[in-house]
Amino acid sequence: MINFNEIEEKWEKKWKEDKLYKFNPESKKEKLYCLEMFSYPSGAKLHMGHWYNYGVTDTWARFKKMDGYNVFHPMGFDAFGLPAENYAIKTGIHPAISTDKNIETMEKQLSRIGGSWDWDYEIKTCKEDYYKWTQWMFLKLYEKGLAYKKEAPVNFCPSCNTVLANEQVISGNCERCGSTVIRKNMSQWFFKITDYAEELLNDLDKLDWPDRTKNLQRNWIGKSVGAYVDFKVDGTDEKFTVFTTRCDTLFGATYCVLAPELPLVDKITTSLQKEEVNKYKEQASKQSDIERTSTTKEKTGVFTGAYAINPVNNKKIPIWISDYVLATYGTGAIMAVPAHDERDYEFAKKFNLEIIPVLEGGDLSKEAFVGDGLHINSDFLNGLNKEDALNKMNAYLEEKGFGKKTTTYKLRDWLVSRQRYWGAPIPIIYCEDCGVVPVPEKDLPVKLPMDVEFAPDGESPLKKCDSFMNCTCPKCGKKAKREADTLDTFVCSSWYYLRYPDAHNDKEPFNKDLINKILPVDKYVGGIEHACMHLLYARFFTKALRDMGYLNFDEPFLSLVHQGTILGPDGEKMSKSKGNTVAPDPLVEKYGADVLRGYLMFGFNYIDGGPWTDDGIISINKFYHKIERLTNAIKESDERITEIDKVLHNSLKSIREDIEKFQFNTSMARIMEYTNILSKYEQSGIPRYYIEKLLLILAPFAPHIAEELWQSIGNKYSIHNESYPIYEEKYLIEEEKKIAVQVNGKVRATITINVNDSEDVVKEKALVQENVKKFTEGKEIVKIIVIKGKIVNIVVK
RNA sequence: GCCUGAGUGGCGAAAUUGGUAGACGCACAGGACUUAAAAUCCUGGGAGGUUCACCCCUCGUGUCGGUUCAAGUCCGACCUUAGGCACCA
């Protein structure tokens, strides 16, 4: 019996030496870019998730290569980021050193998977030759007005001591460490992803992505169509704009509410109310986001003393402030229609504000009526339904200049600066005379200094590094200071797929012609947790670069697959604290990489994942050893066996279809069916032809074992340069077929039909069945449905 | 509350998209080989009923209805569960 583990290392070495997986960009074959999300080089060993993602996707890539595609399949590391820095703070080991070491370990471990990556295209985002171009990206976005700095209330993680993007705040907590995020006013760099909100939303329709993921993005972008309506502040020149999705209820607006942070609040607050307003403002600013947005919290608010004029009826309505209105959404101001909005109703009830119904229906003494109803108390809208009223009001507002139709999004601009060390420095210089000056392209990269004190204290560690901070202004030559913040690592990963095909280009981030040939990525595989982060950011980058003329495609990832999660044997998510982790390494040592890959493919629905079982992996070990035995039963003979041919070609057809769908469990099942039929002939010997087919079929699934056995039957190295077997239709045609005969939808018999049987013959065959007769006798046959080659259903009364 | 998925044997799962539910495998049971075990091979199997046995019958894909000659698949309502969003105006 072969020791799988031993032969695997032998072949991996040889494949590497021979550069078996060398990508040839000049190839005339159709290109296919297969990409797994690259990983962070942590100190820990590869976990089951890595194997599940990389091992299984590799089978797909190998299949495509054997099937005639010019497969581009690179690998690299997302090497900047907090863990290395935190590790450094703890141990004193510099992130550059620990990261390099981790990468080296991971490279070794990855090669043990037996992946068909071409390592000549490897990327490490923390290296100068990469982050130089990350900085270049920043400059290009800056040039285009898509990168800007502004003072704004931002999410700050007190534990990581840095700001976070909205996407990195998971229900009020830091995505990385789980600490409660607080709000801080800080001057920060943003990317204007909101400029692309509409396109990011619309282009989802073009993508072969899971619906789940598309919905997450749609939800996150949060488009909502409504109108801006301008309100004048009574007795002043001030005015403000509210956003509403129901401008048709404008006649029911009985008060307005401003977010407490709005600058306008101070301008309009009457002296009588000043004290109360200030007190409320202070209170509100102290609250965390979770406290503030809790739906269970009772409404609070304060009257400003000022009144607004409702433009449609010139009614004076009071202006309040309340924290239930968010400064960051819409305009930070609303018109309140308490009769038809639950929140406004609650607020109005508490503070005794007027409630005017403008829609028919409901019982306002109990609650707000939020359903649909015909308009009342609404002048020219009376009697209209929602749709008509909206149209009419929109037209009216526009005509009178009171407001206009508009669209808002929940998506906010992407905050990219971080007050941490281990990241790409932002290529910006501050000059007293010239202001904000971008670093000229020729001066890139702005090197990350190595000798830095990086204990985080809420300010960038780079700030304390004089040799870094002090520079001369590129414009006027005077002394100047550098930007001390670094870029979020999500910026690095937003364009890495563009760098791979041209990873060693030192003149530009990529050659335009080359990447337009190899991109977009045809198959992208990774976890769903990146749905509203990496996957959204990368789409934004692609679109922005397209608009700058660098790319001729709109979307980076045409087809996306998420692997599921392999859970611990207890059905819980694997975690060290629960002690339910299953490490790949010991299993690889015991059974080999192919067996582990095989079980990961066979034992789960790839997209669902599921709990690990040891029994499962044993069964694949048995299966591969069975293939080994069958290979030993090889017989030099040209004999063809019809029974085997049928199974072979049927299996081949299914295997192809299933691999296409990332259904490796069923494709493995078909291989098993084929081996089952072969094993019937084990004693008498199996003709070479069938053994070769078996190994070729197996090659993408168990690349090492297939290579070894291929050689053992005297074939030429390497099996991975062979073509994947193709099925022939003629073997799929069944001359005879067993089909079911139903009476009133219940199966009562099966009959064997011939392909050439006419419908009448089939009916005849069905009706003469004993058991069919039993159920039809004495009854009237209403009709007989014959579905060709599938079923007969006799309807009786 | 809103938006997505998911729910099928003891277990992992499959089902040509409306056409014999449970492919393939695990575990299990019986048998063969063996002094014995391991390994391997063969047979069996959704539940219940009937039968010496084969046949056959009833029920069966979370629940309740509906459409259809025919429903795991389509429609409606609901339950459970996972994930996302949530005072978004």
Side-chain angles (χ1 to χ4, degrees), chain A residues 1 170-171 210-220 222-224 226 242-247 249 257 292-297 299 322-326 328-337 340-344 346-347 370 408-410 528-529 531-532 565 599 602-605 607-608 610-620 622-623 625-626 629 651 653-654 657-658 663 665-673 675-676 679-680 682-683 738-750 770-771 774-775 782-796:
Chain A
M1 252 187 4
I170 312 296
S171 50
D211 284 336
R212 209 164 33 131
T213 315
K214 292 193 201 180
N215 274 316
L216 289 179
Q217 287 208 357
R218 284 192 190 108
N219 219 323
W220 188 256
K223 179 178 178 174
S224 123
V242 305
F243 173 70
T244 174
T245 54
R246 292 301 299 270
C247 66
T249 62
V257 187
R292 180 167 169 169
T293 56
S294 158
T295 43
T296 51
K297 201 188 83 175
K299 295 275 178 295
S322 171
D323 60 7
Y324 86 91
V325 173
L326 307 173
T328 46
Y329 183 74
T331 59
I334 62 155
M335 63 177 210
V337 184
H340 307 295
D341 181 283
E342 283 172 26
R343 297 152 299 176
D344 298 347
E346 200 190 318
F347 193 82
V370 293
T408 63
Y409 303 88
K410 285 195 236 174
I528 193 169
E529 65 274 15
C532 295
T565 313
Y599 172 54
F602 181 67
F604 308 86
N605 173 318
I607 290 151
D608 294 342
W612 175 270
T613 68
D614 285 329
D615 287 342
I617 192 165
I618 291 167
S619 75
I620 300 298
K622 281 187 194 171
F623 173 56
H625 279 298
K626 182 173 173 180
R629 277 200 313 279
S651 298
K653 183 167 190 277
S654 303
E657 289 167 355
D658 292 350
Q663 263 186 228
N665 53 348
T666 46
S667 29
M668 289 272 286
R670 298 290 95 79
I671 303 178
M672 289 172 179
E673 276 170 340
T675 57
N676 285 347
S679 68
K680 277 173 76 172
E682 192 177 347
Q683 292 305 312
K738 262 171 82 176
I739 65 165
V741 180
Q742 300 181 326
V743 179
N744 282 353
K746 292 198 176 190
V747 180
R748 297 301 178 191
T750 54
E770 272 308 312
N771 206 42
K774 212 166 96 189
F775 284 90
V782 182
K783 59 176 159 176
I784 303 177
I785 291 145
V786 180
I787 307 295
K788 219 180 163 222
K790 283 187 176 162
I791 208 161
V792 178
N793 192 5
I794 301 160
V795 187
V796 296

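Below, chain A is the first sequence line, B the second, and so on; all start at residue 1. From a predicted model like this one, the values you see are computed outputs, not experimental measurements.
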Task: Test ring pair (Phe, Tyr, Trp, His ring centres under 6.0 Å) applied to A:Tyr599 - qualifying residues, sequence neighbours left out - done: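 Applying ring pair (Phe, Tyr, Trp, His ring centres under 6.0 Å) to A:Tyr599 gives A:Phe604, A:Trp612.
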
Least distance between heavy atoms, [X] atom then [Y] atom:
X: A:Trp220; Y: A:Lys410; result: O-CB, 3.8 Å
X: A:Ser651; Y: A:Arg670; result: OG-O, 3.4 Å
X: A:Asn793; Y: A:Asn744; result: OD1-N, 3.4 Å
X: A:Val747; Y: A:Ala740; result: CG1-CB, 4.1 Å
X: A:Ser224; Y: A:Thr245; result: OG-CG2, 3.5 Å

Task: With A:Phe775 via side chain to side chain contact (heavy atoms under 4.5 Å, CB included) - residues at least two apart - done: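 For A:Phe775, the residues satisfying side chain to side chain contact (heavy atoms under 4.5 Å, CB included) (neighbours in sequence not counted) are A:Val743, A:Arg748, A:Asn771.
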
Please produce a list of atom pairs where a protein N or O lies less than 3.5 Å from an N or O of nucleotides 42-48 of chain B.
none

Whole-Å distance separating the [atom1] atom of [X] from the [atom2] atom of [N]:
X: A:Lys738; N: B:rU20; atom1: NZ; atom2: P; answer: 13 Å
X: A:Lys299; N: B:rA89; atom1: NZ; atom2: C1'; answer: 12 Å
X: A:Glu529; N: B:rG84; atom1: CD; atom2: P; answer: 11 Å
X: A:Glu342; N: B:rA89; atom1: CD; atom2: P; answer: 13 Å
X: A:Arg212; N: B:rU4; atom1: CZ; atom2: C1'; answer: 9 Å
X: A:Leu216; N: B:rG84; atom1: CG; atom2: P; answer: 8 Å
X: A:Ile617; N: B:rG25; atom1: CD1; atom2: P; answer: 18 Å
X: A:Gln683; N: B:rU40; atom1: CD; atom2: P; answer: 15 Å

Same-atom distance ([atom1]) from [N] to [M], integer angstrom:
N: B:rU4; M: B:rC69; atom1: C1'; answer: 35 Å
N: B:rG46; M: B:rA21; atom1: C1'; answer: 10 Å
N: B:rG25; M: B:rA14; atom1: C1'; answer: 11 Å
N: B:rC54; M: B:rG5; atom1: P; answer: 46 Å
N: B:rG22; M: B:rU61; atom1: P; answer: 14 Å
N: B:rC75; M: B:rA23; atom1: P; answer: 28 Å
N: B:rG84; M: B:rG72; atom1: C1'; answer: 27 Å
N: B:rU63; M: B:rU8; atom1: P; answer: 10 Å

What is the base-pairing partner of [N], counting Watson-Crick and G-U wobble geometry with both distances under 3.5 Å?
N: B:rA29; answer: B:rU43
N: B:rG60; answer: none
N: B:rA71; answer: none
N: B:rA14; answer: none
N: B:rU81; answer: B:rG5
N: B:rC52; answer: none

Task: Sugar-phosphate, base or nothing in reach of A:Lys622, heavy atoms under 4.0 Å - done: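 Sugar-phosphate, no base atom in range.
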
- [ ] Describe the nucleic acid contact of A:Lys410 in one word from base, sugar-phosphate, nothing, applying a heavy-atom distance below 4.0 Å.
- [x]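 Here A:Lys410 touches the bases of the nucleic acid.
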
Task: B:rG9: syn or anti, per glycosidic angle within 90° of 0 - done: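 Syn.
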
Task: Chi-angle category of B:rU17 [syn within 90° of 0, anti beyond] - done: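 With its glycosidic angle within 90° of zero, B:rU17 counts as syn.
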
- [ ] Using atom types as modelled and distance alone, determine if a side-chain donor or acceptor of A:Asp341 lies under 3.5 Å from a backbone N or O of A:Val337.
- [x]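 Here the side-chain-to-backbone pair does not exist.
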
Task: Nucleotide nearest A:Lys783 (side chain, heavy atoms from C-beta), chosen from B:rC69, B:rG25, B:rC3 - done: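 Output: B:rC69.
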
- [ ] Could you please name the option among B:rC24, B:rU20, B:rA89 that lies closest to any side-chain atom of A:Thr245?
- [x]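 Nearest to the side-chain atoms of A:Thr245, counting from C-beta on, is B:rA89.
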
Task: More than 12 heavy atoms of other groups within 6.0 Å of A:Glu342 CD - done: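 Not more than 12 within 6.0 Å, no.
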
Open item on the list: I need a per-nucleotide contact map over nucleotides 8-19 of chain B, read 5' to 3'. Cutoff is protein heavy atoms under 4.0 Å; write B for the base, S for backbone only, - otherwise.
Closed with: ----BSSS---B

Task: Polar contact flag, side-chain donor to acceptor under 3.5 angstrom, A:Arg212-A:Asn215 - done: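 No donor-acceptor contact under 3.5 Å links the two side chains.
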
For nucleotides 57-61 of chain B, print each protein N/O atom paired with a nucleotide N/O atom at under 3.5 Å, atom names and distance only.
unit_1: B:rC57; atom_1: OP1; unit_2: A:Arg748; atom_2: NH1; d: 2.9
unit_1: B:rC57; atom_1: OP1; unit_2: A:Asn771; atom_2: ND2; d: 3.0
unit_1: B:rU58; atom_1: OP1; unit_2: A:Arg748; atom_2: NH2; d: 3.3
unit_1: B:rU58; atom_1: OP2; unit_2: A:Arg748; atom_2: NH1; d: 3.0
unit_1: B:rC59; atom_1: OP2; unit_2: A:Lys746; atom_2: NZ; d: 3.0

TODO: Using heavy atoms to find the nearest nucleotide of RNA chain B for A:Thr213 and A:Val795 separately, return the residue whose nucleotide is more 5′.
DONE: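 In this pair, the answer is A:Thr213.
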
Open item on the list: Closest-nucleotide mapping onto RNA chain B: is A:Asp615 or A:Gly222 further toward the 5' terminus? I mean the 5' end.
Closed with: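 The 5'-side residue here is A:Asp615.
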
Task: A:Lys680: salt bridge (Lys or Arg N to Asp or Glu O under 4.0 Å) partners, not counting sequence neighbours - done: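 With neighbours one apart ignored, the set is A:Glu643.
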
- [ ] Using a cut-off of strictly less than 4.0 Å, decide whether A:Tyr329 has a side-chain nitrogen or oxygen near OP1 or OP2 of B:rA89.
- [x]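 For A:Tyr329, the contact criterion (side-chain N or O under 4.0 Å from OP1 or OP2 of B:rA89) is met.
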
Task: NZ on A:Lys626 to CG on A:Asn676, rounded to 0.5 Å - done: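 Answer for the CG-NZ pair, A:Asn676 versus A:Lys626, is 4.0 Å.
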
TODO: Supply the atom-to-atom distance A:Asn665 CG to A:Gln663 CD, rounded to the nearest 0.5 angstrom.
DONE: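 Between A:Asn665 CG and A:Gln663 CD, I get 6.0 Å after rounding to 0.5 Å.
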
Task: Lys/Arg-Asp/Glu bridge criterion (N-O < 4.0 Å) met for A:Glu770, A:Lys774 - done: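 No salt bridge links A:Glu770 with A:Lys774.
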
